[in-house]
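Worksheet: the structure to be examined is printed underneath.
First listed ligand is number 1; within each ligand, the first listed atom is number 1. Atom set for the values below is all heavy atoms of this structure, side chains included, hydrogens, waters and symmetry mates excluded.
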Amino acid sequence: MSALRNIKYNEEEDGELPSLVTGEETNLQEILENVSYDGGNIVSDTKVERVNKQMESVGNNMKGLQKRKRIPVSIITGYLGSGKSTLLEKIALKGADKKIAVILNEFGDSSEIEKAMTIKNGSSSYQEWLDLGNGCLCCSLKNIGVKAIEDMVERSPGKIDYILLETSGIADPAPIAKMFWQDEGLNSSVYIDGIITVLDCEHILKCLDDVSVDAHWHGDKVGLEGNLTIAHFQLAMADRIIMNKYDKIEHSPNTIKQLQKRIREINCIAPMYFTKYSETSIDKLLDIHAYDSIRVSDILDNSVGDGTIHDHRMGTVMLTFRPLRDEEEYTERFLKQFLQPLLWKNFGALTVLEDGSQHHKHDWEVQRTKGLILIEGNKPAVRVIQGVRDTYDVFPGRHDDDGSHKECKIVLIGKYLEKDSIQKLLHKTLNYK
Ligand SMILES: Nc1nc2c(ncn2[C@@H]2O[C@H](COP(=O)(O)OP(=O)(O)OP(=O)(O)O)[C@@H](O)[C@H]2O)c(=O)[nH]1
Ligand SMILES: [Zn+2]
């Protein structure tokens with residue numbers, strides 16, 4: 001940001017000063033009309049113009065700075081009793097040098113109030129709390145939550161480096177993640193950095209296999225349609241998976257293997273960490289940029305497995321395909337004829353059989369989309385696609401320096417996805433031979 005130059009009068013630049021005006025001159029009016037002056041200094045118009053330009057660029061830089069100082073929000077989700085609060089406390093302790101605001105979104109359980117929202121600033125902490133009352137962000141309290149977060153950021157300018165938002169144990173994180181995207185106001189002051197899902201190693205398999213729709217878990221009804229539980233959604237949306245309560249399974253290697261396989265079938269891209277009492281280093285959890293373009297290539301590269309579906313209820317589909325020929329194929333074909341039908345028309349739910357009858361399969365739904373799209377042609381470009389349910393955003397990507405990416409890659413995590421129908425649609429759209 002260029003410092004403002006001094007605009008005091010100086011002879012060579014501003015020409016000679018008009019003779020002193022005593023007020024007794026007969027042609028006083030005429031003299032005054034010929035003098036141009038700016039705020040007490042008599043300087044040339046060019047200088048005034050130059051200063052205004054500088055003011056403008058300083059203003060833009062300030063806005064840019066303001067813009068840059070957006071605060072990352074990490075959403076911490078996971079089943080009741082999985083260890084979310086334990087994780088929060090660990091992060092707050094380890095992050096004592098960082099200024100962290102913690103927001104709790106419990107089901108109006110007043111005992112949570114003492115765990116109020118704290119902004120840890122070294123030793124002292126500001127006790128303020130955000131009570132979202134009886135209900136949860138994912139179902140009904142969105143706007144209150146958005147407003148409260150905005151107020152909090154306004155109230156403490158420069159005092160917050162990170163926001164950790166703990167959802168209630170049976171909240172679906174997708175609508176909460178979308179809220180950060182869709183709300184212009186929020187979009188200016190905060191951004192969603194990633195979703196951290198805490199699992200209870202001892203109970204999670206039982207919960208995922210609990211097919212009776214009215215399954216009870218800790219006394220809360222959580223069975224959803226089609227034998228899916230909230231745990232499926234919390235897992236599908238995870239950008240980091242904390243396999244907590246490892247002490248409960250550490251002596252049975254089979255359980256550990258079975259657990260890893262099962263979790264990977266649902267979400268094969270999020271890094272997984274086994275922990276005891278949510279003990280893990282915080283640089284694995286903060287600043288992960290899971291929702292913008294910075295890290296998407298390594299996220300896609302580190303995905304394990306081939307993304308074939310085992311748990312048809314909720315699984316990951318991963319497709320790699322040739323770079324797109326040009327901008328037109330990207331917008332007219334890839335976006336309009338592949339991605340949008342996939343996200344918006346619960347494509348695949350309704351299939352017309354040979355005899356013309358309609359066969360209504362389970363409604364399928366993409367929970368999370370991440371894509372790295374290479375566009376060739378005379379204006380080569382890289383696009384990063386980030387999606388939550390039916391909302392997607394496109395960011396300019398960066399050609400990796402070593403040019404290791406030769407193909408496009410897209411990962412979809414969702415309900416009842418069928419890899420071959422999606423593959424067929426893609427091949428048809430890009431008329432693969
Ligand atoms: N054995 C064992 N217990 C744990 C571990 N982590 C947390 N706990 C205990 O599990 C219980 C629940 O932990 P919380 O951190 O309150 O879990 P939570 O997800 O915040 O629970 P809700 O807020 O009710 O959704 C507490 O008694 C913790 O001490 C662990 O790794 N091993
Ligand atoms: Zn909810």
Proximity flag S82 to ligand 1, non-hydrogen atoms under 4.0 Å: yes
Under 3.5 Å: N/O of K248 near N/O of ligand 1: no
Under 3.5 Å: N/O of K276 near N/O of ligand 1: no
Donor-acceptor pair, side chain of T197 and main chain of Q234, under 3.5 angstrom: yes
Those atoms of ligand 1 less than 4.0 Å from some heavy atom in Y79: 19 (O)
N or O contact, G81 vs ligand 1, cut-off under 3.5 Å: yes
For N244, atoms of ligand 1 separated by under 4.0 Å from a heavy atom: 5 (C), 6 (N), 7 (C), 31 (O)
Shortest reach to atom 11 (C) of ligand 1 by a heavy atom, considering only K90, E279, K245: K245
Numbering as shown, the atoms of ligand 1 that approach L80 to under 4.0 Å (heavy-atom distance): 25 (O)
Contact atoms of ligand 1, heavy-atom distance to D247 under 4.0 Å: 1 (N), 2 (C), 30 (C), 31 (O), 32 (N)
Identified salt bridge (Lys or Arg N to Asp or Glu O under 4.0 Å) partner of D200 from the options K248, K206, K245: K245
Within-cut-off N or O pair, T86 and ligand 1, under 3.5 Å: yes
Contacts of type salt bridge (Lys or Arg N to Asp or Glu O under 4.0 Å), residue K428, not counting sequence neighbours: none
Check: S281/D283 side-chain N/O donor and acceptor closer than 3.5 Å: yes
Whether F274 and Y246 hold their rings parallel, tilted or perpendicular, with breakpoints at 30° and 60°: tilted
Close-contact set for ligand 1 against E166 heavy atoms, below 4.0 Å: 20 (O), 23 (O)
Under 3.5 Å side-chain donor-acceptor pair for S85 and E166: yes
Sequence-distant partners of K284, salt bridge (Lys or Arg N to Asp or Glu O under 4.0 Å), two or more places apart: none
Contact check: Y246 vs ligand 1, nitrogen or oxygen atoms, below 3.5 angstrom: no
Stepwise side chain to side chain donor-acceptor pair (under 3.5 Å) test for Q260 and Q258: CA-CA 6 Å; Q260 273 171 317; Q258 198 199 356; over 6 Å; no
